Amino acid sequence: MNTGFFWDERCFWHSGGNYAFTLPVGGLVQPLAAGGFPESPETKRRLINLMNVTGLPRDLDMRGADPATRTDLLRVHPASYLDEFKRLSDGTGGELGRRTPFGSGGYEIAALSAGLSLAAVEAVWTGALPNAYALSRPPGHHCLPDFPNGFCLLANIAIAIESAKANHGLGRVAVIDWDVHHGNGTEGIFYDRSDVLTISMHQEGNYPMDTGALIDRGKGAGEGYNLNVPLPAGAGHTAYMAGMDQIVLPALDAYRPDIIIVACGYDASGVDPLARMLATSDTFRHMTLKTKAAAEHLCSGKLVLVHEGGYSEVHVPFCAHATLEALSGSDITAPDPLTEVLDARQPSARFEGFLLELVQDMAQQLSPEAITPG
Ligand SMILES: [Zn+2]
């Protein structure tokens with residue numbers, strides 16, 4: 001069996017309205033001659049194109065999926081939100097939260113994006129696929145039940161988890177979010193629950209600016225089951241590897257999940273316009289390899305990656321290709337032309353020393369003692 005890859009051209013037709021970067025056009029903000037909203041289809045479409053050029057689909061099980069149903073969406077989102085979203089979407093589109101504009105038909109595209117995640121989780125959980133990747137768009141990890149934000153209109157991963165729990169008895173889930181922005185939506189949805197462990201490694205104070213603190217550990221039954229690893233701007237490959245080895249993997253070992261889901265954003269890339277980190281395509285490759293090894297020894301390899309952010313049209317395809325090589329074990333490669341320059345821009349020894357000390361300190365404070373194994 002090959003790694004599943006879930007995608008649909010219609011997800012690339014989601015339109016983000018009249019923006020110049022993250023600013024609505026108007027007043028002193030002039031419309032851009034080209035481009036516009038940073039959450040553009042090009043990052044994902046160019047990934048598909050790169051895969052077609054290298055031949056990677058030969059080693060994957062390329063699939064589509066049905067849109068998530070209203071029943072699926074209602075497990076996470078209130079009817080009032082879905083109704084309003086559908087009403088605007090049936091017209092010319094609109095905006096219901098913060099930085100989440102959508103056009104006509106946006107509701108159906110978002111439901112399809114959630115459906116790709118849902119189908120990937122279901123196929124892996126039921127054993128139809130060993131592991132899988134969902135190229136979901138729009139993304140989901142910022143979305144709260146009734147407040148879409150940060151380009152996210154539906155909480156794709158949460159919807160997939162709740163559906164697999166309702167329909168297939170899915171057990172304990174660990175969600176690792178390595179998108180450079182804090183996974184505030186996933187955190188918020190599962191904050192008081194111990195059946196879903198949420199871990200977010202992100203750039204401190206990027207987006208949202210007021211969430212993602214080290215001390216936010218969950219509440220009630222969920223106390224201890226939320227981990228935030230806020231890294232300072234400028235952190236690179238070594239800090240990410242240390243975060244994985246010293247914080248993420250020990251938490252997984254302590255929790256013993258039945259499946260691991262990754263909110264897989266590529267905006268920690270050293271050339272991403274929406275963040276200030278220095279990850280390389282090898283960073284994503286090695287985070288995937290480490291997570292895959294953990295899944296193999298903890299949960300029969302059950303691992304699903306769901307595409308989140310990543311805004312460099314040039315770099316995202318190479319980072320995602322490296323991730324897919326690691327996930328699938330394919331030897332079809334896409335050598336990253338930016339590796340040399342990003343390797344040369346890694347933090348200095350002095351800053352690296354500070355970052356490693358910081359990760360060590362966070363690892364002590366986030367010790368997985370509070371986590372009870374399943
Ligand atoms: Zn992001």
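Below, all heavy atoms of this structure are taken into account, side chains as well, without hydrogens, waters or symmetry copies. Predicted, not measured: the structure shown is a model, and the values here were computed from it. Atoms within a ligand are numbered from 1 in the order they appear, just like the ligands themselves.
- Salt bridge Glu108/Lys86: present, at least one basic N to carboxylate O contact under 4.0 Å.
- A donor-acceptor contact closer than 3.5 angstrom is absent between the side chains of His168 and Thr126.
- A salt bridge (charged side-chain N to carboxylate O under 4.0 Å, His left out) with Arg137 is found for exactly one of Glu39, Glu9, Glu42, Glu308, namely Glu39.
- Nearest N, O or S atom of His181 to the Zn ion (ligand 1): atom ND1.
- A donor-acceptor pair shorter than 3.5 Å can be found between the side chains of His182 and Asn228.
- Distances from the Zn ion (ligand 1) to each N, O or S atom of Asp179 single out OD1 as the nearest.
- Asp267 lies close to the Zn ion (ligand 1), since one of its N, O or S atoms is found at a distance under 2.8 Å.
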